[in-house]
*Asks:* 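I'd like to ask you about the structure that follows.
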Protein chains: 2
Amino acid sequence: MEVARIAGVSTATVARVLKNQGYVSAKAREQIEAAVKATGYRPNAMARNLRQQRSYTIGHVVSAVTANPFFVNVAHGAEDEAFARGFSTLLFNHNGSAERERAGIERFIEQRVDAVLFTTAIEVSDVALLLKERIPVVQVERRVTADAPSVTVDNEVGALEAMAYLIELGHRRIAFIGGTPMVDDRLVEAERENAYRIGLFNAGLSWRDEYVGHGAYYSPEDGTGRDGYRHTKAFLSLPRDKRPTAIFATCDILAASALQAINEMGLRVPGDISIIGFDDTLAQNLAPPLTTVAQPMQELGRRAFGMALSMIEGDRSPVPVRLPSRLVIRHSVGPPPR
Amino acid sequence: MEVARIAGVSTATVARVLKNQGYVSAKAREQIEAAVKATGYRPNAMARNLRQQRSYTIGHVVSAVTANPFFVNVAHGAEDEAFARGFSTLLFNHNGSAERERAGIERFIEQRVDAVLFTTAIEVSDVALLLKERIPVVQVERRVTADAPSVTVDNEVGALEAMAYLIELGHRRIAFIGGTPMVDDRLVEAERENAYRIGLFNAGLSWRDEYVGHGAYYSPEDGTGRDGYRHTKAFLSLPRDKRPTAIFATCDILAASALQAINEMGLRVPGDISIIGFDDTLAQNLAPPLTTVAQPMQELGRRAFGMALSMIEGDRSPVPVRLPSRLVIRHSVGPPPR
DNA sequence: TTGTAAGCGTTATCAT
DNA sequence: ATGATAACGCTTACAA
């Protein structure tokens with residue numbers, strides 16, 4: 001290369017100083033460094049990667065960053081950690097389409113990404129495709145297959161905390177708005193709903209269908225998806241003495257639309273009704289600031305990358321990571337109205 | 001390569017069928033396709049890119065995807081368009097740090113990205129670095145240098161619409177919460193504030209310092225950055241007959257925290273006070289759904305990629321793109337209270 | 001229509 | 001301590 005020519009040495013020696021390994025005389029090092037500076041030389045990663053059969057790049061497949069801030073936080077955490085460890089991140093949104101996911105994966109394979117993170121895969125077969133190519137895969141938040149390790153959240157702990165908190169404050173009529181999953185795996189939803197059930201049970205309360213609704217976790221688009229709003233309207237149209245005094249929504253987006261319904265009916269939070277969300281995405285920005293079960297989103301991303309890296313470095317079966325969720329108390333919960 | 005061996009042809013012929021160009025006999029094509037299928041062969045992009053001196057990858061430098069959903073939308077639009085045109089996207093968050101931006105750029109250069117998008121660069125010198133390497137650069141939303149083309153938004157049109165809307169409804173005491181820029185370039189902020197000024201002027205109203213505040217556009221973290229809240233509290237503590245009847249906030253995040261102040265004081269929107277935001281990020285999720293000046297965020301990203309592509313293909317000086325902002329009417333504005 | 005061979009810019013091995 | 005050289009897997013003249 002040019003630098004070698006100018007410094008009057010071979011490319012091998014240049015490589016040695018650049019990678020800082022092997023014996024190099026002070027004189028050669030000096031000349032090479034000068035030549036690097038003079039020419040503004042930058043090593044070509046395409047060549048290096050080809051030679052080393054490593055791309056120092058990971059692929060991150062996410063549902064759609066604009067669908068839920070949850071994905072954004074995970075992606076940011078993963079990118080941050082990857083960058084710190086010398087890796088770049090190719091971010092790909094499958095936008096809920098299986099064909100798109102497939103196409104994205106095929107591209108990742110051709111790029112020879114060193115690993116791929118799925119913040120929610122659609123098709124098991126897409127994960128399998130990667131595995132067949134011996135590309136490490138880490139599943140974040142939801143598992144679609146047992147063939148790849150995962151970084152997940154224990155949704156139950158935080159949700160139980162939330163329920164206990166409501167009950168301790170005296171709430172007895174607690175409504176629930178849960179997520180309708182967009183994928184087959186219902187584990188996340190099951191955990192949250194289960195915590196609701198257990199919370200009720202622990203307090204000697206019984207499940208009532210009219211206090212339970214389900215809806216989409218994703219941002220409302222063109223008016224659809226406002227399920228939190230719809231269910232809340234229904235809850236609030238119950239006779240005064242049957243009306244829930246608190247709502248546990250398993251997603252901040254759902255909670256936000258519940259808040260819209262409450263606001264529209266002229267009711268106040270937490271004076272007239274309390275509400276707890278989940279995720280800690282929109283929570284801080286809502287009025288009042290929402291008490292919510294926080295997920296360690298960025299940490300999820302960072303750990304996912306960490307796990308991918310250990311697999312890249314040869315770890316055949318990393319130990320699955322499970323992080324806790326926890327209740328973050330803000331201002332949307334108070335004692336029930338008398 | 002393996003496929004060539006199995007199909008009993010040369011690698012050149014394989015390349016020909018894979019790229020679908022040049023003469024290939026039906027027989028050869030058939031055999032090669034069979035061999036591809038049998039081996040599950042995937043072309044190696046590292047090798048192809050090295051050979052072609054093109055990475056089919058763009059770098060996208062953003063401030064921090066978690067700081068403001070605006071960035072996420074731009075990133076999603078860019079990724080979408082890039083993918084459709086056969087490009088992959090390396091997403092990099094500089095997190096507001098100039099050193100990090102620099103480091104990210106250097107990495108992009110080594111990767112030989114075909115172009116880079118900045119959704120808000122920090123340092124002109126970082127852009128210059130890319131330019132020196134003859135890597136096309138597109139600036140999104142804010143320009144820090146005249147040496148690279150940009151895709152920006154006309155902030156004024158939408159903001160003027162917003163002001164006109166308020167005035168038409170009868171508002172005369174209109175407060176303003178503008179952004180404190182995190183970068184030197186104040187153009188975006190100037191346009192929005194200017195529209196406020198012009199709107200006032202057109203209605204024969206005068207500027208009053210006590211109706212104007214400034215704050216950070218970014219999400220509140222650990223309690224800081226709630227400037228919208230702070231200013232709104234101040235506005236609302238004015239004597240009843242001096243109190244603004246409407247607030248124009250130049251960012252949904254600011255508007256959201258204004259809403260928190262209003263809510264806390266037991267006031268209703270739009271009954272007691274009206275509010276208009278900017279961006280259309282949080283707007284849909286707030287209570288009430290926020291009337292806001294929308295920016296075509298995804299379109300910004302798509303156009304930015306399109307411009308980058310035209311530069312990759314040789315266009316020396318693409319024509320700058322300027323997209324309009326527009327008022328989206330939802331439920332946070334009504335006539336002033338009597 | 002197909003094959004040969006050079007070359008992309010590194011790194012790694014093996015001599016020296 | 002350093003240089004030659006092969007190899008990574010593709011594309012593309014050019015030759016056949």
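In what follows, every chain begins at residue 1, and chains take the letters A, B, ... in the order their sequences are listed. All figures in this text were calculated on a predicted structure; none of them were measured in a lab.
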*Asks:* Would you indicate which nucleotide in D/dA4, D/dT2, C/dT4 comes nearest to any side-chain atom of B/A12?
*Replies:*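 Selected nucleotide (nearest to the side chain): C/dT4.
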*Asks:* Please confirm whether A/R54 makes a cation-pi placement over A/Y56, using NZ or CZ under 6.0 Å from the six-membered ring centre and within 45° of the ring normal.
*Replies:* yes
*Asks:* Can you tell me the distance, in whole Å, between the CD atom of A/Q52 and the C1' atom of C/dG9?
*Replies:*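 My rounded result for the distance is 12 Å.
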*Asks:* Side chain of B/A28: nearest nucleotide among D/dA4, C/dG3, C/dT2?
*Replies:* C/dT2
*Asks:* So does A/Y41 get a side-chain nitrogen or oxygen closer than 4.0 Å to the phosphate oxygens (OP1/OP2) of C/dT10?
*Replies:* yes
*Asks:* As a test of reading the structure: which of D/dG3, C/dT11, D/dT11 is closest to the side chain of B/A15, going by heavy atoms?
*Replies:* D/dT11
*Asks:* From CE of B/M46 over to P of C/dG7, roughly how many Å is that when rounded to an integer?
*Replies:*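 Taking atom P of C/dG7 as the reference, CE of B/M46 is at 23 Å.
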*Asks:* Among the candidates C/dT10, D/dT11, C/dT4, find the nucleotide nearest to the side-chain atoms of A/R48.
*Replies:*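 Between C/dT10, D/dT11, C/dT4, the one nearest the side chain of A/R48 would be C/dT10.
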*Asks:* Atom CG of A/N20 to atom P of D/dA1: distance rounded to whole Å?
*Replies:*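 One finds 14 Å between P of D/dA1 and CG of A/N20, rounded.
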*Asks:* In this structure, how many angstroms lie between the C1' atom of D/dT2 and the CZ atom of A/R29, rounded?
*Replies:*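 For the pair A/R29 CZ and D/dT2 C1', the rounded distance is 13 Å.
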*Asks:* Can you tell me if A/E30 has over 12 outside heavy atoms packed within less than 6.0 Å of its CD?
*Replies:* no
*Asks:* Just by distance, with hydrogens left out, do B/N95 and A/D80 show a side-chain donor and acceptor under 3.5 Å apart?
*Replies:*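 Side-chain D/A pair, B/N95 to A/D80: present.
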*Asks:* Counting only side-chain heavy atoms from C-beta out, which of C/dG3, D/dT12, C/dT11 sits nearest to A/T11?
*Replies:* C/dT11
*Asks:* Could you state the CG-P distance from A/L50 to D/dG9, rounded to the nearest angstrom?
*Replies:* 7 Å
*Asks:* Please confirm whether the shortest side-chain N or O distance from B/T13 to OP1 or OP2 of C/dT1 is below 4.0 Å.
*Replies:*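 It does not, given that no N or O in the side chain of B/T13 lies less than 4.0 Å from OP1 or OP2 of C/dT1.
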*Asks:* Looking at the side chain of A/R51, which of D/dG9, D/dA4, C/dT10 is the nearest nucleotide?
*Replies:*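 In terms of side-chain proximity for A/R51, the closest of D/dG9, D/dA4, C/dT10 is C/dT10.
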*Asks:* Would you say B/Y23 reaches C/dG3's phosphate, i.e. side-chain N/O to OP1/OP2 under 4.0 Å?
*Replies:* no
*Asks:* Is there a donor-acceptor pair under 3.5 Å between the side chain of B/T120 and the backbone N or O of B/S63?
*Replies:*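 Judged by distance alone, no pair lies under 3.5 Å.
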*Asks:* Does NZ or CZ of A/R107 lie under 6.0 Å from the centre of the six-membered ring of B/F83, at an angle within 45° of the ring axis?
*Replies:*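 The answer is yes, since A/R107 meets both limits relative to B/F83.
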*Asks:* Measuring to OP1 and OP2 of C/dT11, would you say a side-chain N or O of A/Q21 lies under 4.0 angstrom away?
*Replies:* no
*Asks:* Using the side-chain heavy atoms of B/K19, tell me which of these nucleotides is nearest: C/dT2, C/dT11, D/dT11.
*Replies:*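 Side chain of B/K19 sits closest to D/dT11.
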*Asks:* Rounded to the Å, how far apart are B/R16 CZ and C/dT4 P?
*Replies:* 11 Å
*Asks:* Please tell me which of the listed nucleotides, C/dA12, D/dG9, C/dT10, lies nearest to the side chain of B/A47?
*Replies:* D/dG9
*Asks:* Would one find a side-chain N or O of B/S10 under 4.0 angstrom from OP1 or OP2 of C/dT2?
*Replies:*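 Checking B/S10 against C/dT2: no side-chain N or O falls below 4.0 Å of OP1 or OP2.
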*Asks:* Could you state the atom-to-atom distance from CG of B/N44 to C1' of D/dA7 in whole Å?
*Replies:* 13 Å
*Asks:* Output the rounded distance in Å from CG (A/N49) to P (D/dA7).
*Replies:* 21 Å
*Asks:* Okay, side chain of B/E79, backbone of B/T89: is any donor-acceptor separation there less than 3.5 Å?
*Replies:*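 Between the backbone of B/T89 and the side chain of B/E79 there is no qualifying donor-acceptor contact (under 3.5 Å).
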